[in-house]
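Each chain gets a letter, A, B and so on, in the order the sequences are listed, and its residues count up from 1. A quick note: this is a predicted structure, and the numbers were derived from the prediction, not measured.
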Amino acid sequence: MLDLKFVRSNPDAVKEALEKRGAKVNLDEFLALEEQRRKTLAQVESLKNKRNTVSEEVGRLKRSGGDAAALVEEMRQVNQDIKELETKLAKLEEEMENSLYEIPNIPHASVPAGKDETDNQVARTWGEPPKFSFVPQAHWDIGEKLNILDFERGARVTGARFTFYKGLGSRLERALINFMLDTHSGKGYVEVFPPFMVHRHSMVGTGQLPKFEEDAFKVAGTEYFLIPTAEVPVTNMYREEILESDKLPIYHCAYSACFRAEAGAAGRDTRGLIRQHQFNKVELVKFVKPENSYEELEKLTADAEAILQALGLPYRVMALCSGDMGFSSAKTYDLEVWLPSFNTYREISSCSNFEDFQARRAGIKFRPAPKAKPEFVHTLNGSGLAIGRTVAAILENFQQEDGSVVIPPALRPYMGGLEVIR
RNA sequence: GGAGAGAUGGCUGAGUUGGUCGAAGGCGCUCGCCUGGAAAGCGAGUACACUGGGAUAACUGGUGUCGAGGGUUCGAAUCCCUCUCUCUCCGCCA
């Protein structure tokens, strides 16, 4: 959420930013609403002021045995007026809040302007896509032949986009989770194991709601949502808190299952592990002081990259353009891993600086100095990494002509020393 | 699931026959005095949001907030209702 006062005093800057993003928001209508709100608020407050002063007077009169009947009668009428105005005010505030919650973040100055993913820029590439002396297979074929992935039974038990991992496949998934958590923990990220369901306010806090409710799974009979990423519970860990300045920066890493409805993705990536309703992910989350947040974004991205490098997976880093960024983000780098079956790079991590956009929604502040006025922290997060896509990348990049798959050396300690899945 | 107790400021803890309570006291913290320095002691200050004035300052006016939401009342931390959470006991359970 943007700062209301900033929007009010810099309408042109906001309009320009929204245009750069390709967002459709009627800002003039919003500003007119906001002006009306303040006018009504002033009226209500002055009436309440009157009520407070007179009530005090009534108290004084009664204690000294005077007659306050006339004043009481007058206040009855004032209360009527207050009630009416408050109803009006509540309506205005609700309307305004709804619009404010649907305005996306302002892109950082360094974000390339652009309309969609074709305008994203390659920041750097690492590693070389493998050259095969045979026709490489897709990971779903490799996985089924090795009997470590079972898509058919996943669909039979639950539905499309659900999968069983079996045997060494399941072991590989678990190994990757542990490898990533251990690696990040060693770099100062404090591991947390979050709830996999959250209430609505948390979803609003990180920006999934109210605008994108159709993307989320809501648990019937409850007010809980299945988390689409650990970002939601972990960022909201500090909601409605004022953090001590010396606690910052806070780094967390967290494993969680992630649940996404994938509304609007019907027919896309229907085979394999790339787009599942449930997948595992290790997430990195940071709470930092505003002046450091862009430096922290570079470090966060590097920490996610370190996993790909340790596994020996070729990838590239994309600086997302203004039109392709997520709703809450001010700047995003996507990490894309090479997938031979697609003959291209596919997203495996997304690292973003949200500046104070999420912090304002979730009420996460810090005190810059003792006694100083609290300010919003900057929040960042990035996948480190999506596990299912990492499995796909390993199977495809390290496949052998005989259908076996070589396990990256960094992962072998987590696989009981196993070198090859065959 | 059943029975009971509770939720107050950074912490602790008063206040529940409604009225001058944003809220005593203590601790902590900040600044000052004292000291060669420190402790102790003394003095002052110490919530957040919205909103008005002011320069988008210092400062200052107002409104709201005592778990959340509603109600009664001229007036609610105090009375009533609903919800949430915490604790204790019983039951159940991985």
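At a threshold of 4.0 angstrom between heavy atoms, the contacts of Lys50(A) with the nucleic acid are absent. Counting non-hydrogen atoms under 4.0 angstrom, Val54(A) reaches nothing in the nucleic acid. Nucleic acid contact class of Leu71(A) (heavy atoms, under 4.0 Å, all strands): none. Within the 4.0 angstrom heavy-atom criterion, only backbone atoms of the sugar-phosphate kind lie near Lys5(A); the bases stay farther away. At a threshold of 4.0 angstrom between heavy atoms, the contacts of Arg51(A) are confined to the sugar-phosphate backbone, with no base atom among them.
Comparing Asn79(A) and Pro374(A) by the nucleotide of RNA chain B that holds the closest heavy atom to each, the one mapping nearer the 5' end is Pro374(A). Mapping Gly59(A) and Val44(A) onto RNA chain B by nearest heavy atom places Gly59(A) closer to the 5' end of the strand.
G6(B) and C92(B) are spaced 25 Å apart, taking the C1' atom of each and rounding to whole Å. Using atom P as the reference point in both G69(B) and U84(B), the two lie 15 Å apart (nearest Å). For C79(B) and U8(B), the P atoms lie 16 Å apart once the distance is rounded to whole Å. Taking atom C1' on both C27(B) and C90(B), the two are 39 Å apart, rounded to the nearest angstrom. Comparing the C1' positions of A7(B) and A14(B) gives an interatomic distance of 15 Å, to the nearest angstrom. With both ends at atom P, the span from U51(B) to G43(B) equals 40 Å, rounded to whole Å. A77(B) and G22(B) have their C1' atoms separated by 10 Å, given to the nearest Å. The P atoms of A39(B) and U30(B) are separated by 11 Å, rounded to the nearest whole Å.
Side-chain contact check for Phe287(A) versus Val285(A): some heavy-atom pair is nearer than 4.5 Å.
Applying the side chain to side chain donor-acceptor pair (under 3.5 Å) test to pairs two or more places apart or on separate chains, those with a residue in residues 266-279 of chain A are Thr163(A)-Gln276(A), Glu262(A)-Arg275(A), Asp269(A)-Arg275(A), Asp269(A)-Arg346(A). Residue pairs meeting the side chain to side chain donor-acceptor pair (under 3.5 Å) criterion with at least one partner in residues 148-157 of chain A, sequence neighbours excluded, are Asp150(A)-Arg153(A). Annotation: ring-ring contact (aromatic ring centres under 6.0 Å, His included) contacts involving residues 62-114 of chain A, sequence neighbours excluded, comprise His108(A)-Tyr294(A). Residue pairs that meet the salt bridge (charged side-chain N to carboxylate O under 4.0 Å, His left out) test with at least one member in residues 49-58 of chain A, sequence neighbours left out, are Lys50(A)-Glu74(A), Glu57(A)-Arg60(A). Identified under the salt bridge (charged side-chain N to carboxylate O under 4.0 Å, His left out) test for residues 21-36 of chain A, with sequence neighbours left out: Arg8(A)-Glu34(A), Lys15(A)-Asp28(A), Glu34(A)-Arg37(A), Glu34(A)-Arg38(A).
Shown here are the salt bridge (Lys or Arg N to Asp or Glu O under 4.0 Å) partners of Arg124(A), two or more places apart in sequence or in another chain: Glu305(A).
Taking the six-membered ring for Trp, Phe217(A) and Phe225(A) have ring centres at least 6.0 Å apart.
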Read 5' to 3' with Watson-Crick or G-U pairs under 3.5 Å, [ ] for crossing pairs and | for partners on another strand, RNA chain B gives ((((((((.[[[..)...(.....]]]((((((.......))))))(((((((.....))))))).[[[[[..)....]]]]])))))))....
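Checking side-chain atoms of Asn10(A) against main-chain N and O of Phe6(A) turns up a donor-acceptor pair under 3.5 Å.
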Using residues 248-260 of chain A as the side-chain source, report each donor-acceptor pair under 3.5 Å to any protein atom, sequence neighbours left out, with the distance given to one decimal.
from, atom 1, to, atom 2, distance (Å)
Tyr251(A), OH, Glu296(A), OE1, 2.6
Tyr251(A), OH, Glu296(A), OE2, 3.1
Tyr251(A), OH, Lys299(A), NZ, 3.4
His252(A), ND1, Val190(A), O, 2.9
His252(A), NE2, Tyr238(A), OH, 2.8
Tyr255(A), OH, Asn280(A), OD1, 2.6
Arg260(A), NE, Pro228(A), O, 2.9
Arg260(A), NH2, Pro228(A), O, 3.0

Cut-off 3.5 Å, no hydrogens considered: what does the side-chain donor-acceptor table look like for residues 413-422 of chain A, sequence neighbours left out?
from, atom 1, to, atom 2, distance (Å)
Tyr414(A), OH, Asp182(A), OD2, 2.7

Pairs of donor and acceptor atoms involving the side chains of residues 85-94 of chain A, under 3.5 Å and at least two apart or interchain, shall be tabulated with distances.
from, atom 1, to, atom 2, distance (Å)
Glu86(A), OE2, Lys48(A), NZ, 2.8
Thr87(A), OG1, Lys83(A), O, 2.8

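Taking every heavy atom of residues 88-106 of chain A and every atom of RNA chain B, no pair lies under 4.0 Å.
Between chain A and RNA chain B, the heavy-atom contact criterion of under 4.0 Å yields a 5' to 3' nucleotide range of G19(B) to G75(B).
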